[in-house]
Each structure stands twice: as C-alpha cells, then as structure tokens.
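Sequence lines set the chain letters: A, B, ... in the order given, protein chains first and strands last, and positions in each chain run from 1.
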Amino acid sequence: MNQGRAPVRFQNVSRSFGSVVALDDFCLNIDAGEFITLLGPSGSGKTTALNILAGFDRATSGEVYIGERAVGALPPEKRNVGMVFQSFALFPHMSVFENVAFPLRMRGVAGPQIKQRVERTLEMVQLAGYGTRRPAALSGGQRQRVALARAVVAEPPVLLMDESLSALDLKLREELQEEIRRLHREFGTTVVFVTHDQGEALTLSDRIALMDAGRIRQLDTPGALYDRPASRFVADFIGRTNIVPMDDGSHVSAVGLDHAPDHAVALSLRPEKLTRSPDRSDIRFEATVQDVAFRGATTELRLCLASGLPLRMSEPRSGALSLPARGETITVGFMRDDATALHE
Amino acid sequence: MTGSLTAMRFGRHFPLIPALALVFAMFAVPVAFVFVEAVFAPEFSLAHFDRFFTRSVYLTVYWNTLFVSATVASICLLIGYPMALFIVGQPERRRPLLLFLVLVPLWMSILVRTYAWMVVLGREGIVNSALLWTGIIDQPMTLMFTTGSVYVAMVQILLPIMVVTCYSAMTEIDPGLVRAARVCGAPPFAAFRRVFLPLSLEGALTGWSVIFILSMGFFIVPALVGGRRDVLLGNMIVNQIAQANWGFAAAMAIVLLVSTVVLLALVRLVAARFLYSPREV
Ligand SMILES: Nc1ncnc2c1ncn2[C@@H]1O[C@H](COP(=O)(O)OP(=O)(O)OP(=O)(O)O)[C@@H](O)[C@H]1O
Ligand SMILES: [Mg+2]
C-alpha cells in the first residue's frame, strides 16, 4: 500500500492579497512519505500555503510541484490530493458510506470495488458499521474520522490537513492524533499538516516548518527545533523558555557567565534545564524566589535575577531538596550545553 | 411539580400566543365564514360544489388555473435558480447591490407593473415599435391579451420571490463543501450536481411552492393582460362576488384553498422521498 506517495515542492511561492503579503518567497521541499507540519502564529500564511497546494488559490508568483509535476495551473480535482478540513466538510445529504465512496466514484472505480474499499477504510478509522448513518447523527470525533477516511480512501499520494483537529476537545484530539499517526504509517502518504498548536506539531511531525509573516523561520525536526532554536522567535514559540538578553552586560553576569557567547543576541534557558542541584550544573548564579506553585509532577518557581530579569524554573518533584520559601535567595544553575545561544 | 412543569411549558410557548391569536382572527375565522357561506344556502347543501364540478366551464377554468400556476412557478424556478446561483457566485461585497436590483420591482404595486406590460406589449408598444422600426416585421404583432402575455407578466411579477428564496437557501450552504467535493476529484459541474444542487433543492422547492400559492390566487394580471379565454379561478370568484353570488364564490374559494393545500402536500410528500432536508437527521 506504499506506492502512493510523492514529494512536494514549493518553489519561491509568493501570494499577496492587495498590500498584505501572505506568502513571501516561500520555499519548502517535502520528501515523499514525510509528515511535515506548517506551524506558526495566526496570519503567518499556513492556510494560504495549503490552499495553493490544494488548488483553491493561485500563487502570485512561483510554482508548486507534486511529484515531478508542476501543479500551479491545475484545478483541485486534477491534483490527486486528499484533504481534511477543520469544519469536517462532510456532505450532509449523503450517508457515511457515500461520503467515503465519493472520491472513488469521482475516479470512476467500479461498484464492487468501491464497497470493499470503503468498508476497509471505515474499519481503519474504527467506524465499521456506521456506513448507513448520516453525518448529523455522529459525534464530532466520529465526523472527523469519516473526513479522514474520505481523504485517504483513494490513496492519494499527498494528504493535507488544515487545523483538522482544532474543532475537537483535548481528549478526542489526542485520540485522533494517534489515529493520524497510524494512518500515516500504514499508507505512507506524504502529509502536510497545518496547526497553530505546537504540542500537536511536536507529537506528529517528522519535520516542522515554523512560519512567520509568510516565510519559514526554521525548518527542523521537532527535537532540533526544541533544543536548538535559531532565533528568539522560534525559542519563544516552541515550548516555554526564558530569554536572557545578551546585549546587556548585567544579565550576562547575573546568570553566571563571564562573557556572552559569540554573536549571540540572547540566550534561551528552558525552565526545566534550570536546577538547584550543584552536580547537574556547571554554571551557577543566585536568584530570589518570588513564587512557588505545584503543578502535579513538577514544581514551578518564579525567580528574579540580581539584574532584575524574571526567570521561570520547573523542577521535578523528587523531594531531594526542600522547597524554598518565597523571598529566599537560592543558588540555581544549568549545564552550559543546555543553554542555546540565539543569533537573531 | 406537575403544575410548575405545565407553567414552564406555558411560559416557553407564551410568545407564540399573540401570533396564534392573529392567525386565528385573520385567517381561521374568515375561512370558517367562507366555509359556512359555501355550504348553507340557506340550508345545508352541497349544491354549489355540485355545480362547480359538473359544469365543464368551471372545470376548464379550474384545470387551467392549476396548469398556469404550476407552469409559472416552474418558469420562475428555471430562471430564478440560475439568477440566484449567479449572485451567490459573485464577490460578497457586490451581492447586496444585485439583490437590491432583483428586489426593486417588488416595491411597485402589481397594478403598476401590469400596466407597464401593456405599454411594452401593446400594438403600439415598445416591442412592436422596435421590431417595426428595424424592419423585422411589417405588421404589428398581437402580443397583448394573449396567454403568452399572462405568463410573461406573472413570471416578471413573481420572479424576485424565487430569486430571494433560492439565494437565501444557497447562502446557507457551506462553501467548504464544494471545495471538499473538488479535492475529492469532482470537476466543477459534478461538484455542483452532486453536492450544491441537492443541498439547494429544498429552498428551490419552497420558492416553487410560494409562487404556486400566489399564482393560484392571481386575478388582476389575467384580467388586464389576458385574452378572453385566459380566465383563472380568481377571476371567476371576483365575477361571482360582483354579481352578489356569495355562496358560489365561497364554494370556489374553498375549492381553491383545498386544491392548493392538497397539491402542495403531495409535492412535499414526493419531495421528501428524494430531497435532502437540513432538518432531518
Ligand atoms: N482571501 C483573502 N483576502 C485578503 N487577505 C487574506 C485572504 N486570505 C488570507 N489573507 C491574509 O493573508 C495572511 C495569511 O493568512 P492565512 O489564512 O494563510 O494565515 P494562517 O497562518 O492560516 O492563520 P490562522 O492560524 O489564523 O489560520 C493574513 O494576514 C490574512 O489576513
Ligand atoms: Mg489558517
């Protein structure tokens, strides 16, 4: 079932709406079978990129390739992609079976084959036996499963999802994430997933393209994006972090450094990399405790540096050290390698 | 407990009461009067109905009324649906103007619009003058006082209602559905036929029904622009009233009302088997 996969390439794609530049010389190479996520704040151009790939919108300049084929001028129905929408977009006048059968009918697949393939796909999304129902008689999670089944039933080489899970509550979302991962493994399709939920992006993706203002700010694996953000924007967007400005000498010494790393404008210190234990840190400094809060598995501390900079620290509740009191001055440290120098 | 539940139910339906009272006073009561008028002449008798259904003059007009109404409603559908489709396809900021243009004629009285058709279709009317001037014809054609002129005027008068009904049904359709159909591999026409059309048919049928109902009661238009044979049931009712034959006029009014209701119920029944309605699950 793995023959259906194709690389996708955005080549210098720009799209403007009047004076608004939604995509700005956007370049992205997606490998065949890769699960890539476009992540970014609202208005960063994620939907625009996906619409251009799906054929709902045309680039002002540049070209899009699916496989070896330039598809920029093709209508959506000729691109052979599957798509899952945020609003489900199930056909309300058709049964679940007919919804899932629709792409096969449009491709001229023979009747008996349609029945077999639809039933197999409904089974894959755990909706066997729901074929005769109308979408209105399904729960939100079941509807999105039908939408998923409809998107993959014709085994398109590329699968697009725009905020496909954000209409669902947290528990369902996690369930569907599992489902999507499994479908991706089974079909081996190239997936372009759009979200502004970083947790979802980190969980699902092979690589994440972090976008801002119509451009990719960083393209990396979830781990690399988390551990080695290239800029303040990325460090701030992925996970929680402390940004320590390096252009001000007072903060440099306040976090225990004798000089700023070369060319760094700031330092990213993840809250969970800060520790009170001396044998897990090689750089140490003093800070005042401003607040202590329990968060189940961790304790969250709000600290203040001698230079006045606030810091957040997240400590596993091992119980080895007694909790500091508010207003107390404690010694905190981190491993030099865990601090990321940001160059922009 | 039961008392408070009843009170709650009453409270929920309370806002409906003025509307129901209005319907009762303005519709149910007059219809009851008409009914009484039709069957007591002065004792109880079905003589009026008997007369209506046994004389071919009346039956001919009766069938003609049904036929004209159904035809006018269908013509309005065939013209109005594509018009609504066109407006929905326009960019959002241009739509209000187009709708406004469709609705403008509704602000003029039917009488004025019917006279306007006399100006257009008359022997010395705009159409004949233009055709004579260009030399396409050398004798003025008879356009007025024909069955054709009745259809033209009725369609023109009722069309805006169809356009607006279809339009509002079409704006209810999630544009994402058509996009979804397209990515699923449907070319534009297939996406229209398999998704958009079925979802808008309910609205189109409502438009058809409204226009059918209105047409069944038309009498000014056929009287002014129709020929001698273009008589609708409405005209006969008016005539009978003018001759103070209240009983027979009332009987015909009842026939008109019942036929309309029965026919629409039949149409609904048939449609329910084939049409998707957003209300069903
Ligand atoms: N049809 C349009 N007309 C005008 N401007 C548009 C249109 N579509 C998008 N834009 C603009 O293009 C920019 C990018 O929009 P896009 O929808 O791609 O963002 P997004 O990353 O998907 O955001 P979100 O997370 O809110 O969905 C925004 O500034 C938006 O206002
Ligand atoms: Mg979007």
Please determine, among A:Pro92, A:Pro75, A:Ala147, the option with the most heavy-atom pairs under 4.5 Å with chain B.
A:Pro92
Residue that, paired with B:Thr260, satisfies side-chain contact (heavy atoms from CB on, under 4.5 Å) out of B:Leu257, B:Val262, B:Leu264:
B:Leu264
Proximal component of A:Arg107, with respect to chain B [non-hydrogen, under 4.5 Å]:
side chain
Does A:Phe17, at its CZ atom, have more than 12 non-hydrogen atoms belonging to other residues, nucleotides or ligands within less than 6.0 Å?
yes
Less than 3.5 Å apart, any donor N or O on the side chain of B:Ser215 or B:Ser69 sitting next to an acceptor on the other?
no
Please rank A:Leu90, A:Leu104, A:Leu160 by heavy-atom pairs under 4.5 Å with chain B and give me the top one.
A:Leu90
Side chains of A:Glu34 and A:Thr190: do they bring a donor and an acceptor to under 3.5 Å?
no
Using non-hydrogen atoms only, which part of A:Arg133 is less than 4.5 Å away from chain B: side chain, backbone, both, or neither?
neither
Heavy atoms only, distances under 4.5 angstrom: which of B:Gly176, B:Cys184, B:Ala191, B:Ala180 has the most pairs with chain A? Name it, please.
B:Cys184
Greatest number of non-hydrogen atom pairs under 4.5 angstrom with chain B, of A:Pro76, A:Ala154, A:Pro135, A:Ala151, falls to A:Pro76
Any residue meeting ring-ring contact (aromatic ring centres under 6.0 Å, His included) with A:Tyr65, in chain and number order, not counting sequence neighbours
none
For a quick test of your reading: what N or O donor-acceptor pairs under 3.5 Å do the side chains of residues 81-89 of chain A make, sequence neighbours left out?
unit_1, atom_1, unit_2, atom_2, d
A:Gln86, NE2, A:Ser166, OG, 3.1

B:Ala190, part contacting chain A, at a heavy-atom distance under 4.5 Å
side chain
Can you classify the ring geometry of B:Trp208 versus B:Phe212 as parallel (below 30°), tilted (30 to 60°) or perpendicular (above 60°)?
parallel
Using non-hydrogen atoms only, which part of A:Asn51 is less than 4.5 Å away from chain B: side chain, backbone, both, or neither?
side chain
Which atoms of B:Ala181 come close to chain A, meaning under 4.5 Å heavy atom to heavy atom: side chain ones, backbone ones, both, or neither?
both
